[in-house]
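One structure is given below, encoded as C-alpha cells.
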There are 2 protein chains.
Amino acid sequence: MQHSPFRLDSQIVSEYSHSISKTIWIALNSLFKQDKMHIKLKDVALKSGYSVTTVSRALAGYSDVNEQTRLHIVEVATRLGYQPNLVARQLRIRRTQTIGLIIPVRDQSFSNEFFTQFLIGIGDAASRARYDLLVSAQAPGEEEMSAYRRIVSGNRVDGIILARTRRNDPRIAYLRAQNYPFVAFGRGAPGEPADFPFIDVDGQAGIRLLVEHFVARGHRHIGLILPPEEMVFTVYRHAGYRDGLAGAGVSSAPAGNRTKTRNAIVKSDVRTLEQRTCWPPLRRAEHAPRRLTSRHDGLTLES
Amino acid sequence: MQHSPFRLDSQIVSEYSHSISKTIWIALNSLFKQDKMHIKLKDVALKSGYSVTTVSRALAGYSDVNEQTRLHIVEVATRLGYQPNLVARQLRIRRTQTIGLIIPVRDQSFSNEFFTQFLIGIGDAASRARYDLLVSAQAPGEEEMSAYRRIVSGNRVDGIILARTRRNDPRIAYLRAQNYPFVAFGRGAPGEPADFPFIDVDGQAGIRLLVEHFVARGHRHIGLILPPEEMVFTVYRHAGYRDGLAGAGVSSAPAGNRTKTRNAIVKSDVRTLEQRTCWPPLRRAEHAPRRLTSRHDGLTLES
DNA sequence: TTGTAAGCGTTATCAA
DNA sequence: TTGATAACGCTTACAA
C-alpha cells in the first residue's frame, strides 16, 4: 500500500462530514431567532374585502364560491404572496402530511447504496402527494427507540416506514402496541408473528438461485458473506444458501472458505422482486409489480 | 466481462429501490386514515384535578409550581402516557423545531458517500437539540425550487441547510430574498456576493497541495477529474490545480491525459479543514476547529 | 354564495 | 401557587 498523505479512508470521510455538519448546525442555530412576518388568511381577507372563510374556500378551490370572487381572491393572494401556514393546517385537519423514516445506521454509515436510493424513491412518491419526509438516522438501540417514541407520540407524522426488520424487533412491537400506521420493509423472522403491514422480497429464493448458478458452473466451495443474524433478511438468505447447497448435494463450505457475494445478493433480490410478499395483500394493480427480463448481460426491470 | 444473470449495476439498484419504495408508499397511504386517540393536556388535567395551565407548566418544569403538585402531575402524566402534541406546540410557539435539508441529486444518486455522512451528522446534532430533519432529495431545477418554496413559505422549518452552492445559485437568491434563515455548505463563486452565511473548506489550497505532492514525486502529467463547472467548489478546485502546476512550472495536462483523483480530492479537503472559511465569522470556540495530524498513513482529525 | 363561530392542543398573559 | 382566558392560523359546520 502506498503511503500518501492524501489517502482516503471512510473514517476520514466520516469525521470530515461530521465536523462540517456540526459547524453548520451551530451556525444555523444562531439564526433561528428571527421572527418571520407572514401573510396570513386574515390579511388576504382584509385586502380582498371577503371573510376569512370565503378566502379559505376560494383558495382551496371549493365549488360553492362565486367565480368572480374566486378570481379576485386568488389575485389578491398571489399579489400578497400568501402561502398557507402548514402547521396551523396540520393542527386543524389532524394530519401532518409527513411520513417518518428512521434509517438504521451501522458503523457511522448506511452501509450501502440502498438507503440512498430508498430515500430518493420514498421522497419522490411522497412529494407527489405533497407529503414531506421526516428523516432520522439512528443506530439500533435506545436512542433509536426514543426517536420512534418522540416522532410517534408527538404526532409529528401520519405514518412511519420501518426498514430492515430485526428478530424480535422492538420497533415493530412498539408501533403495533401504539396501533400506529406503519409499513415495514422486511417480514418477520421465521416463527414470529407476521401480521403487520410489510413489503418484502424473497431473499431465500434469491440466494438459492445464486447458489444453483454457481453449482451449475461446477463450483463446489461456495461461501456466503452475511450481515449479522440479528437482521431478518439474513436468516432468509442463509436458509436459501442451505437450500441451494442441499439441492445440489453439496455441503456447506467451511467457515474459512468464503466468496464475496455481496453484489450478487442484492441482484438476487432484484431477481425475485416479482415474488414480492406483502401483508395485508395489496391488489395486484396497486403495487404495480414489474416483470423481470434479461437484458444486456444483466437483469432489468420492466413495467 | 463475465456474463452472469446476477451481475449488479447501479441502474438495477436504482430501479429496485424505486420499485420497493413506491410499493411501500402505496401500502402506507392506505393506512393513514386512522384517527389516533391521543392523551392530551386536558386529560391529564382532569385526572390530576389541576387546570390545563398548571399541568402545562408543571410538565415544562416551570419553577412557579408547587413541588408536590408537580410530582403528582408528572406521575399522572406518565401513567396516562401523555406526550405533547408537537404540532400544536409548534403553532403556539411559532417554531417548528425542524430544519430542512434538500439534497441535490444527480443521476438518481447522491453521487458519493458524503451526503450520507452529512445527513447522519446533521441529524445527530439536530436531535441533541430535539430538532427534527425534514429531508427532500431533488435534482437541480424547477422541482427543486418548488420544494424550497413549499418548505420555506409553508413555515415548515426554522431554517434550511443548503449544500453544494452553484454559480448564480437560484436557491441562495430565493432564500436571501425571503430573508429566511439558512446556512450554505460552500461559498459563493468568485466575483459573486459572499455575504450569506456559509461554511466552506479551502478546496483550492487542497488541490494545490495535491498537485505539489505529485510534482515532488516527479510526475509531470497530472490530470484532474472535475464535477460540472456549475458547482462552485469545482471552480476553486480547478484554480488550485492551476496554482499547483504554475508554481511548479508545469503546464496543464492535455485534456486526454487524466488521472483519477477523486479520493485524493476529498482527502485534500480534509487536509484543509483547518483553514475553514465561514461568514459571518464564528468565534473560534464555537465552531470547534480540529487540528490535523498525520497518523498511520493517512491524515486524521484530532479535537 | 357568503359569513359567524367553534375548535385543533398547546403556551402565555394576567388576575385571583 | 393556581386558573380563566386568549391567542397561534387554519378548516368547517351551520346559519344567513
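Order of the sequence lines sets the chain letters (A, B, ...), proteins ahead of strands, with each chain counted from 1.
Residue Thr54(A) places none of its side-chain N or O atoms closer than 4.0 Å to OP1 or OP2 of dT2(C). OP1 or OP2 of dT2(D) has not a single side-chain nitrogen or oxygen of Thr53(B) nearer than 4.0 Å. At least one side-chain nitrogen or oxygen of Ser56(A) sits closer than 4.0 Å to the OP1 or OP2 atom of dT11(D).
Near DNA chain C, meaning a heavy atom under 4.0 Å away, the residues from residues 61-76 of chain A are Asp64(A), Val65(A), Asn66(A), Thr69(A). Taking a 4.0 Å limit (strictly below) on heavy-atom distances, residues 79-92 of chain B reaches DNA chain D at Leu91(B), Arg92(B).
No more than 12 heavy atoms of other residues, nucleotides or ligands lie within 6.0 Å of CD in Glu143(A), so this atom counts as exposed by the packing criterion.
Distance CD1 (Ile39(A)) to C1' (dC8(D)): 17 Å, rounded to an integer number of Å. Separating the CG atom of Asp158(B) from the P atom of dC8(D) is a distance of 18 Å, rounded to the nearest angstrom. Atom pair Arg156(B):CZ and dC8(D):P shows a separation of 21 Å (rounding to whole Å applied). Between the CG atom of Leu46(B) and the C1' atom of dG3(D) there is a distance of 14 Å, rounded to whole Å. One interatomic measurement links the two molecules: CZ of Arg95(A) to P of dG9(C), which rounds to 15 Å at whole-angstrom precision. Leu59(A) has its CG atom 16 Å from the C1' atom of dT12(D), to the nearest Å. Atom CG in Asn155(A) sits about 11 Å away from atom C1' in dC8(C), given to the nearest Å. Residue Leu41(A) contributes atom CG, which lies 15 Å from atom C1' of dA5(C) at whole-angstrom precision.
Among the heavy atoms of the strands lying under 4.0 Å from Ile93(B) are primed sugar atoms or P, OP1, OP2 only; no base atom is included.
Rounding to the nearest 0.5 angstrom, the gap separating the CG atom in Leu119(A) from the CG atom in Asp124(A) is 10.5 Å.
Listed for the Thr165(B) side chain is a donor-acceptor partner under 3.5 Å among the backbone atoms of Arg187(B). Asn29(B) places no side-chain N or O within 3.5 Å of a backbone atom of Ile26(B) that could act as its donor or acceptor partner. In this structure, the side chain of Ser56(A) does not engage the main chain of Val52(A) through any donor-acceptor pair within 3.5 Å. Judged purely by atom type and a 3.5 angstrom limit, Asp158(B) has no side-chain atom pairing as donor or acceptor with the backbone of Ile99(B). With hydrogens and angles disregarded, a donor-acceptor distance shorter than 3.5 Å links the side chain of Glu192(B) to the backbone of Asn168(B).
Taking the ring centroids of Phe32(B) and Tyr131(A), they lie under the 6.0 Å cut-off.
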* To do: Tell me, with the steps shown, if Thr53(B) and Arg57(B) meet side chain to side chain contact (heavy atoms under 4.5 Å, CB included).
  => CA-CA 6 Å; Thr53(B) 310; Arg57(B) 279 195 314 237; 3.7 Å; yes
* To do: Assess whether side chain to side chain contact (heavy atoms under 4.5 Å, CB included) is satisfied between Leu71(B) and Glu67(B), documenting all intermediate values.
  => CA-CA 6 Å; Leu71(B) 286 173; Glu67(B) 184 61 12; 4.1 Å; yes
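Side-chain to base pairing of Arg57(A) with dG3(C): one donor and one acceptor N or O lie within less than 3.5 Å of each other.
Side-chain atoms of Thr98(B) and Arg156(A) include a donor-acceptor pair closer than 3.5 Å.
Side chain of Lys40(A), nearest nucleotide from dG3(C), dC10(D), dT11(C): dC10(D).
Residues Tyr82(A) and Leu59(A) meet the side-chain proximity criterion, which asks for heavy atoms closer than 4.5 Å.
Summary of helix geometry: the two end axes of the helix from dT1(C)-dA16(D) to dA16(C)-dT1(D), each defined by five base pairs via their C1' atoms, are inclined to each other by 40° (rounded to 10°).
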